[in-house]
Amino acid sequence: MTREHGHKLTKLFVEKAQSGTIAGDERPELAGALLWVEEKKVHGIVAPNLDRLARELLVQEAALAQCWSTAAVRS
C-alpha cells in the first residue's frame, strides 16, 4: 500500500502485546507516531485501516485531526 501510492516507510511504530481495549492515552507508540507527524519528521501515518490505528472512534478522530492540522493526510 505504501509504495503503490508513492510513499516511503520511515519508521514502524508497533504496539506490542496490547489489547484492543487499551485507551488511546495509554498507547505510547501511537503517541510517538503522532509526535513525529507534529514535529514534521514524517508526512503522515500509514495504517491498513482505521481500527488498526485505534479501536475507539474518538481516538481515531483525534489522531486524524492532529494529522490534518499539520496537512499530513492525503487521499
Side-chain angles (χ1 to χ4, degrees):
M1 179 168 86
T2 304
R3 282 189 215 153
E4 291 172 6
H5 295 283
H7 303 295
K8 176 184 170 191
L9 187 61
T10 304
K11 180 163 173 57
L12 185 62
F13 291 89
V14 178
E15 300 284 359
K16 295 185 179 177
Q18 295 288 333
S19 164
T21 60
I22 299 295
D25 61 350
E26 297 174 16
R27 307 256 323 268
E29 293 296 311
L30 176 57
L34 291 170
L35 183 62
W36 273 48
V37 171
E38 185 177 318
E39 293 176 346
K40 300 190 185 306
K41 292 180 180 179
V42 295
H43 295 289
I45 296 172
V46 176
N49 52 47
L50 283 176
D51 74 343
R52 297 292 87 207
L53 181 64
R55 294 260 175 109
E56 295 178 20
L57 181 59
L58 186 59
V59 176
Q60 291 174 7
E61 290 175 339
L64 289 172
Q66 187 169 346
C67 289
W68 287 330
S69 72
T70 63
V73 174
R74 297 182 184 104
S75 52

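Side chains included, hydrogens not; waters and symmetry mates left out as well; all remaining heavy atoms used. These figures come from a predicted structure and were not determined experimentally.
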Might you confirm whether atom NZ of K8 has over 12 heavy atoms from other residues, nucleotides or ligands at distances under 6.0 Å?
no
Could you pull out the closest heavy-atom pair between A63 and L34, with the gap in Å?
O-CD2, 3.9 Å
CZ/R55 to CG/L53 distance, rounded to the nearest 0.5 angstrom?
12.0 Å
Side-chain contact, heavy-atom cut-off 4.5 Å: T70 with K40?
yes
Linking directly or through intermediates, with side-chain heavy atoms under 4.5 Å: list the remaining ILVMFWY members grouped with L12, chain and number order.
V14
What closest approach, in Å, do I45 and C67 show between heavy atoms, and which atom pair accounts for it?
CD1-SG, 4.0 Å
Is there a path of hydrophobic side-chain contacts, each under 4.5 Å between heavy atoms of I, L, V, M, F, W or Y residues, that connects F13 with L50?
yes
I'd like to check N49 versus R52 (side-chain heavy atoms, cut-off strictly below 4.5 Å). Are they in contact?
yes
Where the side chain of E15 meets the backbone of E29, is there a donor-acceptor pair that is under 3.5 Å apart?
yes
Please name the residue in the list E39, E38, H43 that meets the side chain to side chain contact (heavy atoms under 4.5 Å, CB included) test with K41.
E39
Between L30 and W68, is there a shared hydrophobic cluster once you connect ILVMFWY residues whose side-chain heavy atoms come closer than 4.5 Å?
yes
